[in-house]
2 protein chains.
Amino acid sequence: MGTAERREREKEQRRNDIIDAAEAVFFSKGIANSTMDEIADVSELSKGTLYLYFKNKEDLYLAIILRGLAILQAKFEETLKAHESGIEKTEAIGRAFFEFAKTHPDYFQAMLYFESADLPYDDESGYAAECLSQSNHTFEICARAVQAGIDDGTIRPDLDPMKTAMTLYGVSVGLLQIVSTKGQMIRECHNLNPDELIEYFFELIGNTLRTQIDE
Amino acid sequence: MGTAERREREKEQRRNDIIDAAEAVFFSKGIANSTMDEIADVSELSKGTLYLYFKNKEDLYLAIILRGLAILQAKFEETLKAHESGIEKTEAIGRAFFEFAKTHPDYFQAMLYFESADLPYDDESGYAAECLSQSNHTFEICARAVQAGIDDGTIRPDLDPMKTAMTLYGVSVGLLQIVSTKGQMIRECHNLNPDELIEYFFELIGNTLRTQIDE
DNA sequence: TATATGACTGACCATCAGTCATAATGTTAC
DNA sequence: GTAACATTATGACTGATGGTCAGTCATATA
């Protein structure tokens, strides 16, 4: 009989329930101001139980980040299919990333934590290693877009797809981070709409990737 | 009599001594794993005294960040003077930033915290507002370099100096952050030297800023 | 019905940021 | 010199919170 299988399913369900509760708490007050006691309350479980399913507070947060990465990946894959030329695919993925930051600000905020924190990637038992692996997979999707552009001649052939993907991802994160933490200052001291800065960024790098016609 | 002035000097000295001790502790184990008790020990003061000079733990950390910002600013100012053309000034400042991250990894790490954390910028009594102000001043130095390039014709005249400075700063921080937190992965999974990625970045954006000869 | 399993509990512990009553030190006035 | 006052320093204490563990209980197995 499938007792063990059922148990496994139920366990998976519990795990998801806990992540749901954790999202509600973490997203409403940030990781620093959230307590495991409150998450236990919201999930209607005891604090001890949380620790049966997750190593520690950070690990639970990383489980949320993994959800965010999955959403982002799906979006990227979809974007990759929806466009014809490689340069279009690449720019569309870039825009999809900024779009993601806007439509899923909570997941994006969590992902900024993932990008800036020093995590125990060597510990195989936690979520950090899995996050890193998925993050790598995300890079690969971006790299495929660049590769497509090189293949169809819309992107400079001298570019390295993986290097380009990682660089673009890194700089995008940085720009979004500055917009996210200093947005108010940008608006008030410089009378700039943060979105303008992002559009400006696209203009700046847009021509960098494209094949130069005049050579 | 200069009693009050002497007092003020001594107080400033104490404050600096505390920051020195805090640097030793924070730099050796990161903000999360450092305790105010240990900083009190190292500074040979009681914990209570620390709180006479600094609002809280984060504020003490921000005082360190302010030192980092001062070093960076000095480096930028110096770089600005050391080069002739505007485009050279701008690229040199970019390289000076990456150089700073290498020669002062501890200050740079602290500055990454400043870039990613949500800080109480409205609280005038703490260091956060001062950090933001100095960070703004840093932008302005960069913007001066870009402006110089526009003026002397080495940088595209259609660029906005301040927007360009902020964008370049943001993307640089992002790239350095990814190199800093995922450097090992970049090395191991992709057989890349993180420095290559940074050089790649300069190549990518280099031509973006320069005045196009063929138009 | 009796035994075994393992999910769950919540009281408990250790740590640590931040506070406050008290003490020590320095300054001024006489 | 010393009394009165002001400033600075102390460290024991508190409250919050991440994490643990001995024990409970519902359910599955024999």
Side-chain angles (χ1 to χ4, degrees), chain A residues 1-22 25-26 28-64 113 117 119-120 123 125-128, chain B residues 1-22 25-26 28-64 113 117 119-120 123 125-128:
Chain A
M1 71 188 69
T3 313
E5 287 81 356
R6 197 209 60 212
R7 280 250 168 99
E8 205 49 50
R9 269 202 317 280
E10 284 176 351
K11 227 167 154 174
E12 203 51 39
Q13 183 59 48
R14 261 274 188 281
R15 186 183 299 271
N16 271 309
D17 290 346
I18 293 174
I19 301 176
D20 287 341
V25 177
F26 281 137
S28 77
K29 41 180 74 170
I31 183 171
N33 298 314
S34 301
T35 70
M36 291 299 270
D37 283 295
E38 187 172 353
I39 294 170
D41 264 9
V42 173
S43 64
E44 294 178 312
L45 289 167
S46 72
K47 186 158 65 160
T49 304
L50 302 187
Y51 284 91
L52 291 177
Y53 287 86
F54 299 91
K55 257 183 117 67
N56 51 41
K57 186 182 177 183
E58 184 175 68
D59 210 45
L60 179 48
Y61 198 58
L62 287 171
I64 294 173
Y113 176 85
L119 301 170
D123 177 4
S125 72
Y127 276 84
Chain B
M1 71 188 72
T3 313
E5 289 79 356
R6 198 208 59 211
R7 275 256 169 101
E8 205 48 52
R9 269 203 317 280
E10 284 176 351
K11 225 168 155 174
E12 204 51 37
Q13 183 59 49
R14 261 270 189 285
R15 189 185 296 273
N16 271 309
D17 291 346
I18 294 174
I19 301 177
D20 286 341
V25 177
F26 281 137
S28 78
K29 41 181 71 168
I31 183 172
N33 298 312
S34 300
T35 70
M36 292 299 271
D37 283 290
E38 187 172 355
I39 294 170
D41 264 9
V42 173
S43 64
E44 294 177 312
L45 289 167
S46 72
K47 187 158 65 161
T49 305
L50 301 187
Y51 285 90
L52 289 178
Y53 288 85
F54 298 92
K55 255 184 120 68
N56 52 40
K57 184 182 176 183
E58 184 173 70
D59 211 44
L60 179 48
Y61 197 59
L62 288 171
I64 293 174
Y113 176 86
L119 299 170
D123 177 4
S125 73
Y127 276 84

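Order of the sequence lines sets the chain letters (A, B, ...), proteins ahead of strands, with each chain counted from 1. Side chains included, hydrogens not; waters and symmetry mates left out as well; all remaining heavy atoms used.
For the pair A:E10 CD and D:dA26 P, the computed distance is 16 Å after rounding to whole Å. Summarising the geometry, the separation between CZ on A:R15 and C1' on C:dA7 is reported as 13 Å, rounded to the nearest angstrom. Remark: P of D:dA9 and NZ of B:K11 are 9 Å apart, rounded to the nearest angstrom. When the C1' atom of C:dT9 is taken as reference, atom CG of A:D37 falls 13 Å away, rounded to whole Å. Rounded to whole angstrom, the span from the CD atom of A:E58 across to the C1' atom of D:dG19 amounts to 14 Å. Atom CD of A:E8 is separated from atom P of C:dG6 by 12 Å (rounded to the nearest Å). Between the CE atom of B:M36 and the P atom of C:dC16 there is a distance of 13 Å, given to the nearest Å. Taking atom CG on A:D17 and atom P on C:dC8, their separation rounds to 10 Å, with Å as the unit.
Applying the ring-ring contact (aromatic ring centres under 6.0 Å, His included) test to B:Y61 and every residue at least two apart in sequence or in another chain returns B:F26, B:Y113. For A:K11, the side-chain hydrogen bond (donor to acceptor under 3.5 Å, both in side chains) test picks out no residue, with sequence neighbours left out. For A:D123, the side-chain hydrogen bond (donor to acceptor under 3.5 Å, both in side chains) test picks out A:K55, A:S125, with sequence neighbours left out. Residues satisfying the salt bridge (Lys or Arg N to Asp or Glu O under 4.0 Å) test with A:E10, not counting sequence neighbours, are A:R6. Among residues two or more places apart in sequence or in another chain, the side-chain hydrogen bond (donor to acceptor under 3.5 Å, both in side chains) test is passed with B:K47 by B:D37.
OP1 or OP2 of D:dA9 sits under 4.0 Å from a side-chain N or O of B:R14. Side-chain N/O atoms of A:R7 include none lying less than 4.0 angstrom from OP1 or OP2 on C:dT5.
A:D59 contributes no side-chain N or O that, together with a main-chain N or O of A:F54, makes up a donor-acceptor pair within less than 3.5 Å.
Listed by residue number, the members of residues 38-56 of chain B with any heavy atom below 4.0 angstrom from DNA chain C are B:K47, B:Y51, B:N56.
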